Amino acid sequence: LYRYKEKLAFNLEIKELDAVDAVLAQIDHQDMANRVLITSFIPEAVQMVHQATPDLARGLLLDRLTGRIVRGRSGVRAAGLLGCKYILPHYNIVNRAWIDAAHQEGLKVLVWTVNLPTDAERLLEWGVDGIISDRPDFLIPMVNRFHTNFI
């Protein structure tokens with residue numbers, strides 16, 4: 001974090017509840033609150049971050065299983081109730097209506113992990129706000145065609 005804090009923004013995923021305090025302490029120590037997005041599949045972790053640092057950007061991750069269980073607007077509602085600014089679903093669980101519903105709730109949609117150009121193009125046409133990928137080589141030029149203020 002220290003080495004790149006002036007050059008990059010970070011998506012820090014909390015994978016265990018026990019890590020919340022340590023992650024928040026490191027963000028505070030590095031004075032990076034404006035350069036991080038805290039995400040988790042664990043709603044309680046997102047809630048703990050919200051209670052400790054309400055102004056820190058948060059996002060709720062949804063995997064394929066969770067996405068099928070909560071269906072559509074339930075995941076969007078959960079992110080809203082947790083005070084999230086972002087929702088991060090696996091790209092296979094979204095469609096244009098889902099993305100529109102998230103936007104209506106004031107959420108930015110960051111999909112993961114998109115590694116095929118055809119998937120990326122479809123998601124960009126549907127209006128996602130960001131794409132997490134292992135293949136920035138094809139993604140960056142494509143994003144530049146669709147958006148000028150892309151995350």
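This is a predicted model, so every value here is computed, not measured. When reading the values below, keep in mind they use all heavy atoms of this one structure, side chains included, and skip hydrogens, waters and symmetry mates.
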_On a heavy-atom basis, which atom in Cys84 and which in Leu107 lie closest, and how many Å separate them?_
O-CD2, 3.2 Å
*Over all atoms of both residues, closest heavy-atom pair of Leu17 and Ala45*: CD2-N, 3.4 Å
*Roughly how far, to the nearest 0.5 Å, is the CG atom of Asp100 from the CG atom of Asn95?*
8.5 Å
*Hey, quick one: are Ile140 and Ile132 part of the same hydrophobic cluster, counting side-chain heavy atoms closer than 4.5 Å, chains of contacts allowed?*
no
*Could you list all the ring pair (Phe, Tyr, Trp, His ring centres under 6.0 Å) pairs where at least one residue sits in residues 104-133, not counting sequence neighbours?*
Phe41-Trp112, His90-Trp112
*Looking at side-chain heavy atoms only, is the closest gap between Arg35 and Lys5 below 4.5 Å?*
no
*Do Val76 and Trp98 pass the side chain to side chain contact (heavy atoms under 4.5 Å, CB included) test, and can you show the C-alpha distance, the side-chain angles, and the key distance before you say yes or no?*
CA-CA 8 Å; Val76 170; Trp98 197 99; 4.2 Å; yes
*Closest non-hydrogen atom pair between Ser40 and Leu60, with its separation*: O-CD1, 3.6 Å
*asked:* Counting neighbours of CD on Glu16 that are heavy atoms of other residues, nucleotides or ligands and sit closer than 6.0 Å, is the number greater than 12?
replied: no
*With sequence neighbours left out, which residue pairs that include part of residues 3-36 fulfil the ring pair (Phe, Tyr, Trp, His ring centres under 6.0 Å) condition?*
none
_Identified side chain to side chain contact (heavy atoms under 4.5 Å, CB included) partner of Leu12 from the options Leu37, Ile38, Leu24, Thr39_ = Ile38
*Output every pair passing side-chain hydrogen bond (donor to acceptor under 3.5 Å, both in side chains) with a member in residues 42-57, not counting sequence neighbours, ordered by first then second residue.*
His50-Arg58
*Do Leu1 and Val23 share a hydrophobic cluster, counting only Ile, Leu, Val, Met, Phe, Trp and Tyr and linking them when any side-chain heavy atoms are less than 4.5 Å apart?*
yes
*Are Leu62 and Leu82 connected, step by step, through hydrophobic side chains (Ile, Leu, Val, Met, Phe, Trp, Tyr) whose heavy atoms are closer than 4.5 Å?*
yes
*Has the side chain of Asp129 got a donor or acceptor atom that lies under 3.5 Å from a matching backbone atom of Val109?*
yes
*With side chains defined as the heavy atoms from C-beta onward, is the minimum distance between Val128 and Val114 less than 4.5 Å?*
no
*Starting at CZ of Arg135, measure out to CE of Met142 and round the result to the nearest 0.5 Å.*
10.5 Å
*Are Val46 and Ile27 grouped together when hydrophobic residues (ILVMFWY) are joined by side-chain heavy atoms under 4.5 angstrom apart?*
no
*Decide yes or no on side chain to side chain contact (heavy atoms under 4.5 Å, CB included) for Val49 and Leu56, but give the supporting numbers first.*
CA-CA 8 Å; Val49 171; Leu56 200 58; 4.0 Å; yes
*If you look at every heavy atom in Ile87 and Ala79, which pair is closest and at what distance?*
CD1-CB, 4.0 Å
*Answer yes or no: is there a side-chain heavy-atom contact under 4.5 Å between Ile131 and Leu124?*
yes
_Do Tyr91 and Leu139 land in one hydrophobic cluster if side-chain heavy atoms of ILVMFWY residues count as linked below 4.5 Å?_
yes
*asked:* Could you measure the distance from the NZ atom of Lys85 to the CG atom of Leu110? Nearest 0.5 Å is fine.
replied: 13.0 Å
*Decide yes or no for Ile14 and Ile42: does some side-chain heavy atom of the first lie under 4.5 Å from some side-chain heavy atom of the second?*
no
_Side chains of Leu88 and Asn11, heavy atoms from C-beta outward: is any pair under 4.5 Å?_
yes
*asked:* If you count every heavy atom of other residues, nucleotides or ligands that lies below 6.0 Å from Asp31 atom CG, does the total exceed 12?
replied: no
